Amino acid sequence: MTSSRFEVLSDEQWARIEPLLPSNAGRRGHPFGDDRRVVEGIAYRYRTGVAWRDVPREHFGPWQTIWKRHRRYAADGTWDRVLAGLLAQADAAGKIDWTVSVDATINRAHQHATNTTHPEQDTGATSNHTPAVDGFVHSALGGAREPAGHGIGRSRGGLTTKIHAAVDGNGRPLAVVVTGGQRNDGAVLAAVLADIRVPRAGAGRPRTRPVAVIADRAYSSGVTRRMLARRGIKAVIPQKRDEIAARKRRGRLGGRAPHLDAEVYKNRNVVERAFALAKQWRAIATRYDKLAITYRAAVVLAACITWSRI
């Protein structure tokens with residue numbers, strides 16, 4: 001158990017995470033130090049939503065060290081590698097349920113995250129980032145880059161950002177993609193599924209294909225169903241009303257309705273519970289980060305802590 005409200009990691013959890021973090025071996029310059037205290041400081045900041053400068057120095061050390069380490073880990077894909085390592089351990093132990101649920105959640109972007117002239121627009125690269133051509137942020141292991149619009153868009157709720165996630169059958173995160181709040185859920189599904197990469201123990205290619213994908217009507221389209229069928233993935237997605245009406249208007253030419261496994265679909269809510277758990281961290285529920293890669297890294301860190309508990 002953790003010893004105070006300033007800690008989220010037990011000794012057992014830290015023993016699993018520490019070997020997956022970058023070491024000082026062969027590293028030039030000032031060596032990394034106090035890894036556990038720094039990681040706890042990062043988690044504290046996102047759990048409480050305080051400004052980086054307000055992270056208690058007596059518990060976590062200088063706030064500059066905590067911020068720089070988080071920024072470095074976000075840019076070089078450290079948290080993605082930690083998550084991949086934890087997923088590999090879980091898969092080897094048979095603890096991943098490969099009936100995957102996908103969905104997205106919108107979070108309001110605070111004014112500190114939107115201090116650009118048009119944050120919802122791609123404004124081109126500046127000195128602090130390289131623009132992502134696809135406009136969203138996914139696994140740094142796959143070459144994630146900061147989008148020019150910083151993953152912020154204008155939706156009904158104002159300036160918002162959207163977290164797209166895939167979780168296993170127990171509601172534990174497998175993949176995270178961050179976009180602007182106006183992005184269509186179904187259009188990002190292929191990127192979310194591509195972000196699932198679970199290394200195998202020993203030799204072999206990483207596992208990337210779920211047994212089934214459960215999603216709500218927002219993901220229902222012929223394009224999505226054909227994409228899943230090509231990969232041999234069972235689609236558990238109800239049809240939209242307009243799709244049903246269009247098929248019926250065509251009569252026999254409309255073909256059969258796609259099969260929906262109603263019993264499997266009952267488990268779709270696990271992704272909603274995963275979002276509810278992630279949003280207990282206040283700086284995830286409200287986005288304060290200007291950079292999309294640092295915001296996404298916090299979501300991945302929360303996922304790492306979830307998987308370190310099993």
Side-chain angles (χ1 to χ4, degrees), residues 97-108 120-122 132-138 147 149 151-171 173-196 207-276 279:
D97 183 339
W98 283 97
T99 299
V100 170
S101 293
V102 297
D103 206 348
T105 184
I106 291 181
N107 300 321
R108 189 69 181 265
E120 75 279 12
Q121 298 178 6
D122 287 347
V133 295
D134 49 18
F136 52 79
V137 178
H138 49 95
I152 294 174
R154 192 174 294 278
S155 62
R156 290 182 179 180
L159 292 177
T160 54
T161 194
K162 184 178 283 189
I163 299 173
H164 306 258
V167 303
D168 82 332
N170 297 305
L174 297 172
V176 175
V177 173
V178 169
T179 71
Q182 83 288 354
R183 290 298 295 268
N184 177 271
D185 295 357
V188 185
L189 176 61
V192 175
L193 296 179
D195 206 47
I196 301 176
R207 178 162 184 173
T208 61
R209 188 172 62 185
V211 172
V213 167
I214 309 174
D216 61 20
R217 287 181 174 84
Y219 293 86
S220 179
S221 71
V223 173
T224 295
R225 295 181 191 277
R226 288 190 293 272
M227 181 266 290
L228 294 175
R230 283 196 303 270
R231 297 186 60 189
I233 301 172
K234 178 181 179 180
V236 186
I237 307 172
Q239 277 196 303
K240 299 174 184 176
R241 290 191 180 93
D242 59 347
E243 289 179 318
I244 297 173
R247 177 175 52 79
K248 289 181 176 179
R249 281 197 302 269
R250 298 188 66 190
R252 287 184 297 177
L253 296 178
R256 295 181 178 179
H259 174 68
L260 174 66
D261 191 327
E263 194 63 31
V264 174
Y265 188 72
K266 290 178 181 179
N267 203 42
R268 194 196 71 82
N269 63 74
V270 295
V271 67
E272 305 291 355
R273 297 204 298 266
F275 286 139
K279 287 186 176 185

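Please read all numbers here as calculations on a predicted model, not as lab measurements.
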Are Arg273 and Val167 close enough, and set up right, to give a side-chain contact (heavy atoms from CB on, under 4.5 Å), and what steps lead you there?
-> CA-CA 10 Å; Arg273 297 204 298 266; Val167 303; over 6 Å; no
What are the two closest non-hydrogen atoms of [X] and [Y], and how far apart are they?
| X | Y | value |
| --- | --- | --- |
| Ser220 | Pro238 | CB-O, 3.3 Å |
| Val270 | Gly169 | CG1-O, 3.7 Å |
| Val192 | Ala166 | CG1-CB, 3.7 Å |
| Thr179 | His164 | OG1-NE2, 2.9 Å |

How many angstroms lie between [atom1] in [X] and [atom2] in [Y], if you round to the nearest 0.5 Å?
| X | Y | atom1 | atom2 | value |
| --- | --- | --- | --- | --- |
| Arg207 | Leu174 | CZ | CG | 10.0 Å |
| Asp97 | Asn267 | CG | CG | 7.0 Å |
| Gln182 | Ile106 | CD | CD1 | 9.0 Å |

With sequence neighbours left out, which residue pairs that include part of residues 210-227 fulfil the salt bridge (Lys or Arg N to Asp or Glu O under 4.0 Å) condition?
-> Asp216-Arg268
So does Arg209 have more than 12 non-hydrogen atoms from other groups sitting under 6.0 Å from CZ?
-> no
Heavy-atom check, side chain of [X] versus side chain of [Y], under 4.5 Å:
| X | Y | answer |
| --- | --- | --- |
| Val271 | Ile214 | no |
| Ile233 | Val100 | no |
| Leu260 | Val236 | yes |
| Ile196 | Trp98 | yes |
| Thr224 | Leu189 | yes |
| Leu193 | Met227 | yes |

With Lys266 via side-chain hydrogen bond (donor to acceptor under 3.5 Å, both in side chains) - residues at least two apart = Glu263
By side-chain hydrogen bond (donor to acceptor under 3.5 Å, both in side chains), Ser101 pairs with (sequence neighbours left out) none
From the options Asn107, Asp185, Asn184, select the one residue that forms a side chain to side chain donor-acceptor pair (under 3.5 Å) with Lys162.
-> Asp185
Indicate yes or no for a side-chain donor-acceptor contact from Thr161 to the backbone of Arg108 under 3.5 Å, with no hydrogens or angles considered.
-> no
